[in-house]
Amino acid sequence: MTPLQTEFSWELPERIWRAVPGDSGTWVFELRNPTEKKLVFAVMRPGRSRVETISGETDWWSSLAGLGTSHFYVHNYRNPDIPEPSDLLSFGIETGRLEWVLPNVRFGGFDVSGALVVAEKKGGELRYGYCEPDTGRLKGPYPEPAFPEAEKWQEPMRYRAGAEYYELMAGFVRKSTGLKPAGSIEYLDSADKMIFSFYLYENDSLVQYIAIVNRLREVEYLTPIEKNLEKEGKNVLMVKEGWLYFVKERRSFVGINLMV
C-alpha cells in the first residue's frame, strides 16, 4: 500500500467546528471547546503562523459567516433562542483583529466581481446592498435578484444501510480494504481515485475510517480518523481543486493531494 503525499496536517488548539477555504491556500476555522464554552476563529496558510481572533465581541453563539480576500466575517446572535443573525463583524485575515461591526446586518455573499454584499434588516425585510470591506461603509443597493453561483467544493454522497446501492458500496469497501463497514458510508469520486468514509465497531464503540482506492482497486490510503464515537457524525470529506480535506481526531486538519 503506497501512501499518497500529504500536503499538510495542521494541529489546532480546539475542536474544529467548521472550515471555510479561501484564496491561495487560506483557511478560516471556527474552533470550539464545548466544555468551557470557548470559541475562537483562526486563519491558517501554508508556511505561515496561525492567526487567531483577539476580540471580546464574540461569544459561544457567534458563527463563521464568510471569507473574502482580506477579511472574514462572523455573525453574532443577541438572542440565542432566536436562530437569526443580529450583527455582522469583520476581522482582518492578516491580524485577526476586529475591524468593524454592523448592527442589524448579516453577510450576503459576493457579486460576480467579488464585491461584498450584505443584507440589512429594515421593517421585517432584508434589503441587500454593497459594503466596503475595509471600513464597513454601506454603499448602493445590490440590483440583482439572486447571487451568482458560488464556487463549490465537492462533498460526498451518503449511503445508509438499506438504501439503494448501499450493499454495492459496502461490498466494494470490504473487498478492497478487508474491513466490513457498520453503518453509513460516504463516497466521493475525484480524478482516478475513489474516496470512502465508513464506520467499524471496535471495542463496543464506533471508529470512523477514510480509505482512498485507485481504479485498480489498490488501497493508497487507509486510516482511522475518529475513535470511541457514540454515534455517526456528519460529512467530513471535501474535495477542492484536486485535494482531499478532512478533520482527524477533532483537532487535526489534513489535506491530501489526489493528483499524485
* Asked: Which pairs with one or both residues in residues 74-97 pass ring-ring contact (aromatic ring centres under 6.0 Å, His included), sequence neighbours excluded?
  ->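 Listed by first then second residue: F72-F91.
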* Asked: Going by the ring-ring contact (aromatic ring centres under 6.0 Å, His included) test, which pairs reach into residues 198-219, not counting sequence neighbours?
  ->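 Output for this query lists F198-Y209.
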* Asked: Are any side-chain N or O atoms of Y142 and backbone N or O atoms of V118, one a donor and one an acceptor, separated by less than 3.5 Å?
  ->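 No; zero donor-acceptor contacts below 3.5 Å.
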* Between the main-chain N or O of L64 and the side-chain N or O of R18, is there a donor-acceptor pair closer than 3.5 Å? ->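 Pair found, side chain donor or acceptor close to backbone of L64.
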Does [X] have any side-chain contact (heavy atoms from CB on, under 4.5 Å) partners at least two apart in sequence or in another chain, and if so, which?
| X | value |
| --- | --- |
| E164 | none |
| T135 | E132, R137 |
| K175 | R217 |

* Answer yes when E202 and K227 have at least one side-chain N-carboxylate O distance shorter than 4.0 Å, and no when they do not. =>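 Not counted as a salt bridge, because no side-chain N and carboxylate O are separated by less than 4.0 Å.
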What heavy-atom pair brings [X] and [Y] nearest, and what distance separates the two atoms?
| X | Y | value |
| --- | --- | --- |
| P181 | V173 | CG-CG1, 3.7 Å |
| G68 | I93 | O-CD1, 3.6 Å |
| P156 | L237 | CD-O, 3.4 Å |
| E57 | N76 | O-ND2, 2.7 Å |
| W17 | P34 | CZ3-CG, 3.9 Å |
| N257 | G242 | OD1-O, 3.7 Å |

Working to the nearest 0.5 Å, report the span between [atom1] of [X] and [atom2] of [Y].
| X | Y | atom1 | atom2 | value |
| --- | --- | --- | --- | --- |
| Q208 | K248 | CD | NZ | 12.0 Å |
| L116 | F107 | CG | CZ | 6.5 Å |
| S63 | R32 | OG | CZ | 7.0 Å |

* Taking the inter-plane angle between the rings of Y73 and H71 on a 0 to 90° scale, is it parallel (under 30°), tilted (30 to 60°) or perpendicular (over 60°)? ->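 Plane angle under 30°, so parallel.
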* Please state whether the rings of Y187 and F196 are parallel, tilted or perpendicular, taking 30° and 60° as the class boundaries. =>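 Tilted: the ring planes of Y187 and F196 meet at 30° to 60°.
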* Asked: Yes or no on salt bridge (Lys or Arg N to Asp or Glu O under 4.0 Å) for R174 and E167, after CA distance, side-chain angles and deciding distance?
  -> CA-CA 10 Å; R174 185 170 59 252; E167 291 301 327; 5.6 Å; no
* To do: For R251, check salt bridge (Lys or Arg N to Asp or Glu O under 4.0 Å) against everything at least two apart and list the hits.
  =>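 Counting only residues at least two positions away or on another chain, R251 forms a salt bridge (Lys or Arg N to Asp or Glu O under 4.0 Å) with E14.
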* Other cluster members, M259 - Ile/Leu/Val/Met/Phe/Trp/Tyr, side-chain contacts below 4.5 Å ->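 In the cluster with M259 there is nothing else; it is isolated.
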* Taking the side chain as every heavy atom from C-beta outward, state whether L258 and I195 have any pair of such atoms under 4.5 Å apart. =>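 Yes. Closest side-chain heavy atoms under 4.5 Å.
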* Asked: Heavy atoms, side chains only, cut-off 4.5 Å: are Y159 and L168 in contact?
  ->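 Not touching, per the 4.5 Å side-chain cut-off.
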Considering residues at least two apart in sequence or located in another chain, which fulfil the side-chain hydrogen bond (donor to acceptor under 3.5 Å, both in side chains) criterion with [X]?
| X | answer |
| --- | --- |
| E249 | none |
| R215 | D189 |
| E218 | N214 |

* Which pairs with one or both residues in residues 67-81 pass salt bridge (Lys or Arg N to Asp or Glu O under 4.0 Å), sequence neighbours excluded? ->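 Salt bridge (Lys or Arg N to Asp or Glu O under 4.0 Å) check on residues 67-81 returns R78-D87.
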* Derivation of the side chain to side chain contact (heavy atoms under 4.5 Å, CB included) call for L39 and L31 -> CA-CA 6 Å; L39 167 69; L31 307 176; 6.0 Å; no
* For F41, all residues meeting ring pair (Phe, Tyr, Trp, His ring centres under 6.0 Å), sequence neighbours excluded ->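 Expected list: none.
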* Is W243 atom CH2 crowded by more than 12 heavy atoms from other residues, nucleotides or ligands, each under 6.0 Å away? ->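 Open.
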* To do: Would you indicate whether N79, at its atom CG, is surrounded by more than 12 heavy atoms from other residues, nucleotides or ligands within a distance under 6.0 Å?
  =>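 Yes, the 6.0 Å shell around CG holds more than 12 heavy atoms from other groups.
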* **Distance flag, aromatic centroids of Y245 and W153, threshold under 6.0 Å** =>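 Centroid distance W153-Y245: not below 6.0 Å, so no.
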